[in-house]
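The structure under discussion appears below in the form of structure tokens.
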Amino acid sequence: MARVIGPKVLEFTERAWRQMWTLTDTVSTEVSALGICAKDRRDVVEEFYVPKQVCTSVRTEMDPDSVSELTLRLLSEGIEPWRLCVWWH
């Protein structure tokens with residue numbers, strides 16, 4: 001049986017917070033973004049990336065090739081793939 005230890009809190013850096021609200025204020029449909037968490041704290045989102053996607057007012061579909069390209073780019077920048085752990089929409 002699962003037990004609840006306590007409330008979970010997700011924190012955002014100033015950059016991630018601004019990115020999230022800029023996207024929200026800019027688009028008129030749904031939009032998805034992938035976020036990286038801090039290396040030493042998985043409960044802190046540092047930055048969001050917006051892969052190519054098809055969006056409607058009720059759903060998003062991220063392009064798998066674009067997500068793969070993002071993952072490879074992050075790897076080349078020394079960012080471990082496990083840090084890409086937030087899907088926001």
Side-chain angles (χ1 to χ4, degrees):
M1 175 185 286
R3 78 187 164 123
V4 176
I5 297 172
K8 300 293 183 185
V9 176
L10 188 60
E11 297 178 26
F12 300 90
T13 62
E14 183 71 25
R15 177 179 176 81
W17 187 256
R18 287 178 189 226
Q19 288 175 312
M20 188 172 56
W21 284 106
T22 298
L23 284 168
T24 301
D25 292 341
T26 302
V27 300
S28 61
T29 64
E30 284 285 319
V31 64
S32 286
L34 299 173
I36 58 169
C37 63
K39 190 172 187 173
D40 58 342
R41 288 191 57 198
R42 292 185 182 205
D43 61 340
V44 176
V45 181
E46 292 185 329
E47 186 169 2
F48 284 105
Y49 299 89
V50 182
K52 291 178 185 174
Q53 57 195 278
V54 175
C55 304
T56 70
S57 60
V58 295
R59 67 185 283 265
T60 65
E61 185 175 335
M62 291 185 281
D63 177 67
D65 291 334
S66 182
V67 174
S68 295
E69 290 169 10
L70 171 61
T71 304
L72 291 173
R73 189 178 106 217
L74 293 174
L75 273 170
S76 72
E77 295 173 5
I79 298 173
E80 299 92 339
W82 64 263
R83 290 182 56 200
L84 191 63
C85 62
V86 177
W87 173 27
W88 171 81
H89 68 95

Point to revise | Residue list, salt bridge (Lys or Arg N to Asp or Glu O under 4.0 Å) with Asp43, at least two apart or on another chain | key: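 Checked Asp43 against salt bridge (Lys or Arg N to Asp or Glu O under 4.0 Å); matches are Arg41.
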Practice item. Could you pull out all residues at least two apart from Glu61 that satisfy salt bridge (Lys or Arg N to Asp or Glu O under 4.0 Å)? Key: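 Glu61 satisfies salt bridge (Lys or Arg N to Asp or Glu O under 4.0 Å) with Arg59 only.
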Between [atom1] of [X] and [atom2] of [Y], what distance do you get to the nearest 0.5 Å?
X: Glu46; Y: Glu14; atom1: CD; atom2: CD; answer: 14.0 Å
X: Arg15; Y: Thr22; atom1: CZ; atom2: OG1; answer: 10.5 Å
X: His89; Y: Leu34; atom1: NE2; atom2: CG; answer: 11.0 Å

Shortest non-hydrogen contact from [X] to [Y]?
X: Cys55; Y: Val31; result: SG-CA, 4.1 Å
X: Arg83; Y: Lys39; result: NE-N, 3.6 Å
X: Ala33; Y: Val50; result: CB-CG2, 4.2 Å
X: Gly35; Y: Val45; result: CA-CG1, 4.4 Å

Review point. Which pairs pass ring pair (Phe, Tyr, Trp, His ring centres under 6.0 Å) with one or both residues in residues 33-84, sequence neighbours excluded?
Key: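 Listed by first then second residue: Phe48-Trp88.
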Point to revise | Residue pairs passing the ring pair (Phe, Tyr, Trp, His ring centres under 6.0 Å) test where at least one lies in residues 50-77, sequence neighbours excluded | key: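 Residue pairs with at least one partner in residues 50-77: there are none.
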Shared hydrophobic cluster for [X] and [Y] (ILVMFWY, side-chain gaps under 4.5 Å):
X: Val86; Y: Leu84; result: no
X: Leu10; Y: Val44; result: no
X: Trp87; Y: Ile79; result: yes

Check your understanding: Is any side-chain heavy atom of Pro81 less than 4.5 Å from a side-chain heavy atom of Leu75?
Key ->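 A side-chain contact exists here, since the closest heavy-atom pair is under 4.5 Å.
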Pairs of donor and acceptor atoms involving the side chains of residues 66-74, under 3.5 Å and at least two apart or interchain, shall be tabulated with distances.
residue: Ser66; atom: OG; partner: Lys52; partner atom: N; Å: 2.9
residue: Ser68; atom: OG; partner: Pro64; partner atom: O; Å: 3.1
residue: Thr71; atom: OG1; partner: Val67; partner atom: O; Å: 3.0
residue: Arg73; atom: NE; partner: Glu77; partner atom: OE2; Å: 3.3

Practice item. Return the set of residues passing side-chain contact (heavy atoms from CB on, under 4.5 Å) with Cys85 (not counting sequence neighbours), or none when no residue passes. Key: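 By the side-chain contact (heavy atoms from CB on, under 4.5 Å) rule, Cys85 matches Cys37.
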